[in-house]
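Take a look at the structure set out below.
Residue numbers run from 1 in the order of the sequence given.
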Amino acid sequence: MNTVLQTKGLCKTYIVNKRQNNVLKNIDLTIGEGEMVAVMGPSGSGKSTLLYCVSGMDRVTSGEVTFNGKDTTKLREKELAKLRLDEMGFIFQQMYMMKNLSVLDNIILPAVKSKKNSESRRQTEERGRALMHRLGIDDVGGNDINEVSGGQLQRACIARSMINSPKMIFADEPTGALNRASSDEVMNELLSLNRDGTTVMCVTHDPKVAAKCSRVLYLVDGKIVGEKEMGSFDGGDKELRDRERTLNNWLMEQGW
Ligand SMILES: Nc1ncnc2c1ncn2[C@@H]1O[C@H](COP(=O)(O)OP(=O)(O)O)[C@@H](O)[C@H]1O
Ligand SMILES: [Mg+2]
């Protein structure tokens, strides 16, 4: 398995009011191509910070982060922004979209901005529409972003995260603001992307979400204290229930 992402001795310290907060402490993490990794742990344990540091959205305090063979801690801001745009996709709990653009225009924005992309505007729009079709949101392309439901908006965010065919998708509580049905839909879309070869790292507090992932990391106080290899999930309600049970037992052992 090729390595997509690797950290060595990753530390992140915030200084607030002259007080030092060591949020990530010596994280060594390797994620292989095609993995779907869930990150769990108590609130404040550093899950989001980890996701931001490994995806180059935030700078590390010390340590190495290698993405696709490149040490991203050595990259300048501009190169990092290009790497994020071309090779990474992002999905957040708060569904950030541009208010003055339609849903479709939001989805294709990363492609329009990417210098790697040599398509015409029409070709890009066609790809955007195809993605919307795949995600079951054909009807809302022309809508304003406040004219769609939460589940639709999150699926639009997934479409946007895919538009540049990223190597890896980083999701921070992507289902956190959704009801069970929408959450399942969103997870099934992420799973299907993953089956097509996209590596996924997903922060979640929902064991039902994590049960669909191939590996679960458990973070406490800035350290990875537990790791559960689950194997990839390929459908089936019974298998899912078994996985949920296994994971819940393991989470209890972790002090969840
Ligand atoms: N931008 C920031 N500035 C200062 N402290 C921060 C910042 N972001 C996060 N923290 C602190 O880092 C710790 C971990 O936060 P976070 O990564 O958001 O945890 P989690 O996602 O696991 O809930 C918390 O103590 C939080 O207050
Ligand atoms: Mg968080």
Please determine, by modelled atom types, if [X] and [Y] share a side-chain donor-acceptor pair under 3.5 angstrom.
X	Y	result
Gln6	Thr30	yes
Arg155	Ser182	no
Asp206	Thr204	no

Kindly compute the distance separating [atom1] ([X]) from [atom2] ([Y]), expressed to the nearest 0.5 Å.
X	Y	atom1	atom2	result
Met97	Ile145	CE	CD1	7.0 Å
Ile107	Met162	CD1	CE	10.0 Å
Leu240	Asp234	CG	CG	11.5 Å
Lys99	Asn146	NZ	CG	8.5 Å

[X] side-chain N/O to [Y] backbone N/O, donor-acceptor pair under 3.5 Å:
X	Y	answer
Asn164	Met88	no
Asn143	Val148	no
Thr7	Leu10	no
Gln123	Ser120	yes
Lys8	Val65	no
Ser114	Ala111	no
Gln154	Pro174	yes
Asp144	Ser102	no
Asn194	Gly34	yes
Glu189	Val186	no

May I have the step-by-step check of side chain to side chain contact (heavy atoms under 4.5 Å, CB included) for His205 and Trp256, ending in yes or no? CA-CA 10 Å; His205 58 258; Trp256 174 252; 4.1 Å; yes
Should [X] and [Y] be regarded as members of a common hydrophobic cluster, given that ILVMFWY residues are connected when their side-chain heavy atoms come within less than 4.5 Å of each other, either directly or indirectly?
X	Y	result
Leu191	Val216	no
Met132	Leu153	yes
Val200	Val37	no
Val39	Met57	yes

Quick one: are Thr49 and Cys53 in side-chain contact, heavy atoms under 4.5 Å?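 Answer yes - side chains close enough.
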Show the numbers, then the answer: is there a side chain to side chain contact (heavy atoms under 4.5 Å, CB included) between Cys11 and Leu24? CA-CA 5 Å; Cys11 295; Leu24 298 176; 5.7 Å; no
In plain terms, say whether [X] and [Y] are close enough for a salt bridge, that is, a side-chain N and a carboxylate O under 4.0 Å apart.
X	Y	result
Arg59	Glu77	yes
Asp86	Lys167	no
Asp105	Arg160	no
Lys12	Asp58	yes
Arg134	Asp196	yes
Lys82	Glu79	no
Asp184	Arg180	yes

Relative to the ring of Phe170, is the ring of Phe67 parallel (under 30°), tilted (30 to 60°) or perpendicular (over 60°)? tilted
Please determine whether side chain to side chain contact (heavy atoms under 4.5 Å, CB included) holds for the pair Leu135 and Ile158, giving the CA-CA distance in whole Å, both sets of side-chain angles, and the decisive distance to 0.1 Å. CA-CA 8 Å; Leu135 291 158; Ile158 295 182; 4.2 Å; yes
Please find the pair of heavy atoms, one from [X] and one from [Y], that lie closest to each other, and give the distance.
X	Y	answer
Cys202	Val209	SG-CG1, 4.3 Å
Gly63	Thr73	O-CG2, 3.8 Å
Gly89	Pro166	N-CB, 3.5 Å
Leu247	Pro207	CD2-O, 3.5 Å

Applying ring pair (Phe, Tyr, Trp, His ring centres under 6.0 Å) to Phe92 and not counting sequence neighbours gives Tyr96
Residue from [options] passing side chain to side chain contact (heavy atoms under 4.5 Å, CB included) with [X]:
X	options	value
Val4	Met201, Glu35, Glu33, Glu87	Glu33
Leu190	Met36, Glu185, Lys212	Met36
Leu80	Arg84, Lys78, Arg76	Arg84

From CA spacing to verdict: side chain to side chain contact (heavy atoms under 4.5 Å, CB included), Ile31, Leu29: CA-CA 7 Å; Ile31 297 181; Leu29 173 63; 4.2 Å; yes
Please table the atom pairs, donor to acceptor, closer than 3.5 Å between any side-chain atom in residues 15-23 and protein atoms at least two apart or in another chain.
| unit_1 | atom_1 | unit_2 | atom_2 | d |
| --- | --- | --- | --- | --- |
| Gln20 | NE2 | Asn22 | OD1 | 3.3 |
| Asn22 | OD1 | Thr13 | OG1 | 3.0 |

